[in-house]
Protein chains: 2
Amino acid sequence: MGGRQPGRTLGIDPGSQVTGFGVVEKKGNRLQHLASGSIRLAALPSLYLRLEKIHGGLQEIIREYLPTEVAVEKVFMSKNVHSALTLGHARGAALLAAVEAGLELFEYSPLEIKKAVTGYGRADKSQVQSMIQTLLGLKTVRGPDVSDALAAAVCHLNWFRPLPG
Amino acid sequence: MGGRQPGRTLGIDPGSQVTGFGVVEKKGNRLQHLASGSIRLAALPSLYLRLEKIHGGLQEIIREYLPTEVAVEKVFMSKNVHSALTLGHARGAALLAAVEAGLELFEYSPLEIKKAVTGYGRADKSQVQSMIQTLLGLKTVRGPDVSDALAAAVCHLNWFRPLPG
């Protein structure tokens, strides 16, 4: 008896300076890291060129690693209206790449992601990063954007874990 | 002696419920309305499907009317962070379609647009709509989203108007 068993998951941490991504798969009980990294945008002179790079970069990753679903953190708040608008642009470009490729989209709250990864909803970024390294058998995870993207993917894969028994 | 003479302009009023668009051209001193309308999104069950429809709908319009540039209103504020995030997603999907098609992008403040269209920076929506009808020789303009999209295009075309010789 099992619940839904999801396949290969692309986690995304969208941002207008850096967009992190990670592709993770679950085989039996074992999580397997397939790829991760970040799309760096700060050098591009306009938000619009950044949107193009986020969208195009994720399209490439989707073509190469063929995930079946996408996991992303829900956003509830932001420093201010301006940063919410900017983040919205980046998030729109990122999620569009996923929807256009026919991937199913799942959103999780920061609390759900931290709990799924560390067992503790108030874990800080370094605890999340350290658990991600352990769970995926990685020597290093390059930066919080990559770690957050992988954490969203891991949360999704554990959330839908078949019930024991 | 003239300043820059822009070509066919696509005005966009991005929104997650309705995205208005209008294509306007300037021939000599005369503004010519080529097309306008709205992409209606409210019936779609998720923001992500709406992003896909905004992006795909504008891609079609760009392919059909071949504008060379895009004009859009700058956003400074929003009711709250949540609505700013949602608007950001819609705006990101809309502007991505323009950037991917290689169009040049121009942003104008609400004040600039109202001034360019009505001569008065504090004009209300119905004054803008009525002037748009007059300037473009239209019997009707269907709704404020279409009117705002056309107003952005008209502002752009008048902004770059060659100086009188």
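Every heavy atom of this structure was used, including side-chain atoms; hydrogens, water molecules and symmetry mates were not.
Under the 4.5 Å side-chain heavy-atom criterion for ILVMFWY residues, a single connected hydrophobic cluster contains both B:Val24 and B:Val141. Under the 4.5 Å side-chain contact rule for hydrophobic residues, A:Leu96 and B:Leu44 share a cluster. Residues A:Val75 and B:Val81 do not share a hydrophobic cluster, defined by chaining ILVMFWY side chains whose heavy atoms lie under 4.5 Å apart. In the hydrophobic clustering of ILVMFWY residues, with side-chain heavy atoms under 4.5 Å counting as a link, A:Ile132 and A:Val146 come out together. Residues B:Val128 and B:Leu157 share a hydrophobic cluster, clusters being chains of Ile/Leu/Val/Met/Phe/Trp/Tyr side chains in contact below 4.5 Å.
To the nearest 0.5 angstrom, A:Leu51 atom CG is 9.5 Å from B:Glu100 atom CD. Going from atom CG of B:Leu95 over to atom CD of A:Glu52 covers 12.0 Å, rounded to the nearest 0.5 Å.
Residue A:Leu105 touches chain B through its side chain alone, counting heavy-atom pairs closer than 4.5 Å. Both the backbone and the side chain of B:Leu85 come within less than 4.5 Å of a heavy atom of chain A.
For the options A:Ala90, A:Ala94, A:Gly92, A:Gly56, heavy-atom pairs under 4.5 Å to chain B are most numerous at A:Gly92.
No side-chain heavy atom of A:His89 sits under 4.5 Å from any side-chain heavy atom of B:His89. Looking only at side-chain heavy atoms (C-beta outward), B:Tyr48 and A:Glu107 come within less than 4.5 Å of each other.
What you find for B:Val99 and A:Leu49 is that their closest heavy atoms are CG1-CD2, 4.3 Å.
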